[in-house]
K.L.:
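Starting off with a structure, shown below.
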Protein chains: 2
Amino acid sequence: MKIGELAQHSGVAPSTIRFYESKGLLKSARSSNGYRQYNSDSLRQIQLIRFSQSLGFSLDEMPSAATAEDGFDHDLILERLEGKRQEAAALLEQIQRKADRLNSLITLLNENWAEGQCLPAQTLTNLLDEANY
Amino acid sequence: MKIGELAQHSGVAPSTIRFYESKGLLKSARSSNGYRQYNSDSLRQIQLIRFSQSLGFSLDEMPSAATAEDGFDHDLILERLEGKRQEAAALLEQIQRKADRLNSLITLLNENWAEGQCLPAQTLTNLLDEANY
DNA sequence: ATTGACCTTAAAGCTGACTTTAAGGTTATA
DNA sequence: TATAACCTTAAAGTCAGCTTTAAGGTCAAT
């Protein structure tokens with residue numbers, strides 16, 4: 001498989017695939033003309049990268065392709081997943097608070113601000129005080 | 001008030017205040033020596049910027065200091081807040097799915113992977129398939 | 001008079017995950 | 001044989017929201 005085909009199959013741009021390789025996350029064989037050659041393992045590896053990203057891992061947090069070949073350490077992996085679970089829970093709370101602030105602000109504006117009127121900046125900063133931020 | 005004092009009162013670095021001014025979000029008077037002079041309105045304005053950020057608005061989405069002086073348009077503000085509410089709801093779902101993926105992956109690993117063992121890469125990509133990603 | 005803590009500007013640097021550009025080599029098709 | 005559609009590299013550009021740097025001016029206290 002050439003890089004364009006791998007791009008098609010994985011849904012990831014060729015430039016991105018080269019970028020992952022430059023970060024050490026992916027290895028590639030070369031054919032005689034210098035083109036990169038891939039197989040189904042390469043596709044798996046890309047899927048693993050995207051999956052890990054979807055869990056909140058940055059590219060730098062991922063083990064290099066060389067390291068990954070030796071298999072993964074049980075305790076280390078579970079520890080990191082647990083860490084990400086906690087991060088996700090914290091993020092969830094944070095976004096929830098944001099949504100709450102938006103909801104109360106919308107309610108507040110609908111109650112205190114007649115349609116067609118123009119809200120003076122002062123009133124808005126008062127609302128800001130009420131929103132308790 | 002000089003910029004350092006405003007920084008103290010607002011909890012925002014002087015460089016950030018200058019940055020906000022360069023983006024047109026903040027205006028400043030100057031004293032005879034060229035130093036920026038602020039008042040309590042400046043503090044309000046900064047609080048409004050941080051509050052708007054906390055609702056998910058980018059700096060570019062915020063009206064410039066000049067525009068804001070004329071007051072705000074009811075329909076426009078409510079429309080944008082509603083937009084952000086929907087964005088926040090979508091984000092909330094997305095993070096929730098991430099947390100779910102993390103939870104099922106942790107469960108899956110605990111069930112299928114004895115402590116002290118080393119997980120072969122192949123097994124991990126199988127789990128990836130099971131995680132249905 | 002000098003030190004140190006402030007202030008000024010424009011411009012460059014930082015983060016992460018890429019994309020784009022420039023300059024060129026390869027291959028299949030018309 | 002020429003043209004298009006691929007591929008290669010290294011290096012620079014993108015985004016947002018800042019921070020840092022460099023080179024200097026101001027001011028209060030010693």
Side-chain angles (χ1 to χ4, degrees), chain A residues 1-39 42 45-65 80 83-84 87-88 91 94-95 98, chain B residues 1-39 42 45-65 80 83-84 87-88 91 94-95 98:
Chain A
M1 227 192 314
K2 287 190 292 182
I3 197 169
E5 301 168 74
L6 181 58
Q8 284 291 319
H9 290 10
S10 63
V12 160
S15 59
T16 306
I17 296 175
R18 292 193 197 97
F19 174 69
Y20 289 162
E21 184 177 330
S22 79
K23 290 235 126 188
L25 295 176
L26 205 57
K27 290 201 282 191
S28 62
R30 298 296 179 118
S31 26
S32 50
N33 57 11
Y35 288 14
R36 288 173 178 81
Q37 270 299 333
Y38 297 102
N39 54 31
S42 319
Q45 185 59 26
I46 288 190
Q47 286 167 342
L48 183 56
I49 293 171
R50 303 307 278 215
F51 180 64
S52 303
Q53 279 186 318
S54 86
L55 297 178
F57 290 94
S58 70
L59 298 181
D60 286 350
E61 285 174 318
M62 299 178 196
S64 76
R80 292 189 174 188
K84 285 299 166 189
E87 272 182 34
L91 195 54
Q94 189 186 318
I95 311 288
K98 178 194 295 189
Chain B
M1 227 191 313
K2 287 191 290 182
I3 196 168
E5 302 167 73
L6 181 58
Q8 285 292 318
H9 290 10
S10 64
V12 160
S15 59
T16 305
I17 297 176
R18 291 193 197 98
F19 175 69
Y20 288 162
E21 184 177 330
S22 79
K23 290 236 127 188
L25 295 176
L26 207 56
K27 291 202 281 189
S28 62
R30 297 298 179 115
S31 25
S32 52
N33 57 10
Y35 287 15
R36 289 174 178 81
Q37 271 299 334
Y38 298 101
N39 55 30
S42 321
Q45 184 58 27
I46 289 190
Q47 286 167 342
L48 183 55
I49 293 170
R50 304 305 280 214
F51 181 63
S52 303
Q53 278 186 318
S54 86
L55 297 178
F57 290 95
S58 71
L59 298 183
D60 286 350
E61 285 174 317
M62 299 179 195
S64 76
R80 291 190 176 187
K84 283 301 166 189
E87 272 183 34
L91 194 55
Q94 189 187 317
I95 311 291
K98 180 195 292 189

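Just so you know, these numbers use all the heavy atoms, side chains as well, and skip hydrogens, waters and symmetry mates. Bear in mind the structure is a predicted one, so any value in this text is a computation, not a measurement.
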K.L.:
With Watson-Crick and G-U wobble geometry limited to distances under 3.5 Å, how should the secondary structure of DNA chain C be encoded in dot-bracket form, using | for bases paired to another strand and [ ] for crossing pairs?
P.N.:
||||||||||||||||||||||||||||||
K.L.:
Are there over 12 heavy-atom neighbours, none belonging to A:Q8, within less than 6.0 Å of that residue's CD?
P.N.:
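Not more than 12 within 6.0 Å, no.
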K.L.:
Residues two or more places apart in sequence or in another chain: which of them pass side-chain contact (heavy atoms from CB on, under 4.5 Å) with B:Q94?
P.N.:
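Testing B:Q94 for side-chain contact (heavy atoms from CB on, under 4.5 Å), a comparison that skips the adjacent residues, returns B:L91, B:R97.
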K.L.:
Which residues satisfy the side-chain hydrogen bond (donor to acceptor under 3.5 Å, both in side chains) test with B:Y20, sequence neighbours excluded?
P.N.:
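Listed in chain order: B:R50.
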K.L.:
Report the residues that fulfil salt bridge (Lys or Arg N to Asp or Glu O under 4.0 Å) with B:K27, sequence neighbours left out, ordered by chain and then residue number.
P.N.:
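B:K27 satisfies salt bridge (Lys or Arg N to Asp or Glu O under 4.0 Å) with B:E69 once adjacent residues are dropped.
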K.L.:
Does any pair with a residue in residues 13-22 of chain A pass salt bridge (Lys or Arg N to Asp or Glu O under 4.0 Å), and if so which ones, sequence neighbours excluded?
P.N.:
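Listed once each, the pairs are A:E21-A:R30, A:E21-A:R36.
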K.L.:
Taking any atom closer than 4.0 angstrom to a non-hydrogen atom of chain A, what span of DNA chain C does the protein reach, first nucleotide to last?
P.N.:
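Footprint of chain A along DNA chain C, 5' to 3': C:dA17 to C:dT27.
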K.L.:
Report the residues that fulfil side-chain hydrogen bond (donor to acceptor under 3.5 Å, both in side chains) with A:S31, sequence neighbours left out, ordered by chain and then residue number.
P.N.:
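For A:S31 the side-chain hydrogen bond (donor to acceptor under 3.5 Å, both in side chains) partners, ignoring immediate neighbours, are A:N33.
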K.L.:
Could you check whether any side-chain N or O of A:Q37 sits under 3.5 Å from a backbone N or O of A:S28, counting only pairs where one atom can act as donor and the other as acceptor?
P.N.:
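It does not hold such a pair.
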K.L.:
CD1/A:I17 to CG/A:L25 distance, rounded to the nearest 0.5 angstrom?
P.N.:
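With rounding to 0.5 Å, CD1 (A:I17) is 12.5 Å from CG (A:L25).
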K.L.:
Please round to the nearest 0.5 Å and tell me the distance separating atom CE of A:M62 and atom CG of A:L26.
P.N.:
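Taking CE in A:M62 and CG in A:L26, the distance rounds to 12.0 Å.
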K.L.:
Can you sort out the partners of A:S15 under side-chain contact (heavy atoms from CB on, under 4.5 Å), two or more places apart, ordered by chain and number?
P.N.:
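By the side-chain contact (heavy atoms from CB on, under 4.5 Å) rule, A:S15 matches A:A13.
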K.L.:
Side-chain contact, heavy-atom cut-off 4.5 Å: B:L59 with B:I49?
P.N.:
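The answer is yes; the side chains approach within 4.5 Å.
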K.L.:
A:S58 or B:N33: which one's nearest nucleotide on DNA chain C is closer to the 5' end?
P.N.:
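By nearest-heavy-atom nucleotide position, the 5'-most residue is B:N33.
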K.L.:
Does the side chain of B:Q53 get closer than 4.0 angstrom to OP1 or OP2 of D:dC18 through an N or O atom?
P.N.:
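So the side-chain polar atoms of B:Q53 do come within 4.0 Å of the phosphate oxygens OP1 or OP2 of D:dC18, strictly under.
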K.L.:
What pairs of nitrogen or oxygen atoms, one from the protein and one from nucleotides 4-6 of chain D, lie under 3.5 Å apart?
P.N.:
none

K.L.:
Output the distance between atom CD (B:Q45) and atom CG (B:L6), rounded to the nearest 0.5 Å.
P.N.:
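Nearest 0.5 Å value for the CD-CG distance: 11.0 Å.
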K.L.:
Taking only residues at least two apart or on different chains, which pairs with a member in residues 51-61 of chain B satisfy salt bridge (Lys or Arg N to Asp or Glu O under 4.0 Å)?
P.N.:
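For residues 51-61 of chain B, and leaving out neighbouring residues, the salt bridge (Lys or Arg N to Asp or Glu O under 4.0 Å) pairs sorted by first residue read B:K23-B:D60, B:E61-B:K84.
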K.L.:
Short of 4.0 Å, heavy atom to strand atom, which residues of residues 16-30 of chain A count as contacting DNA chain C?
P.N.:
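By residue number: A:T16, A:F19, A:Y20.
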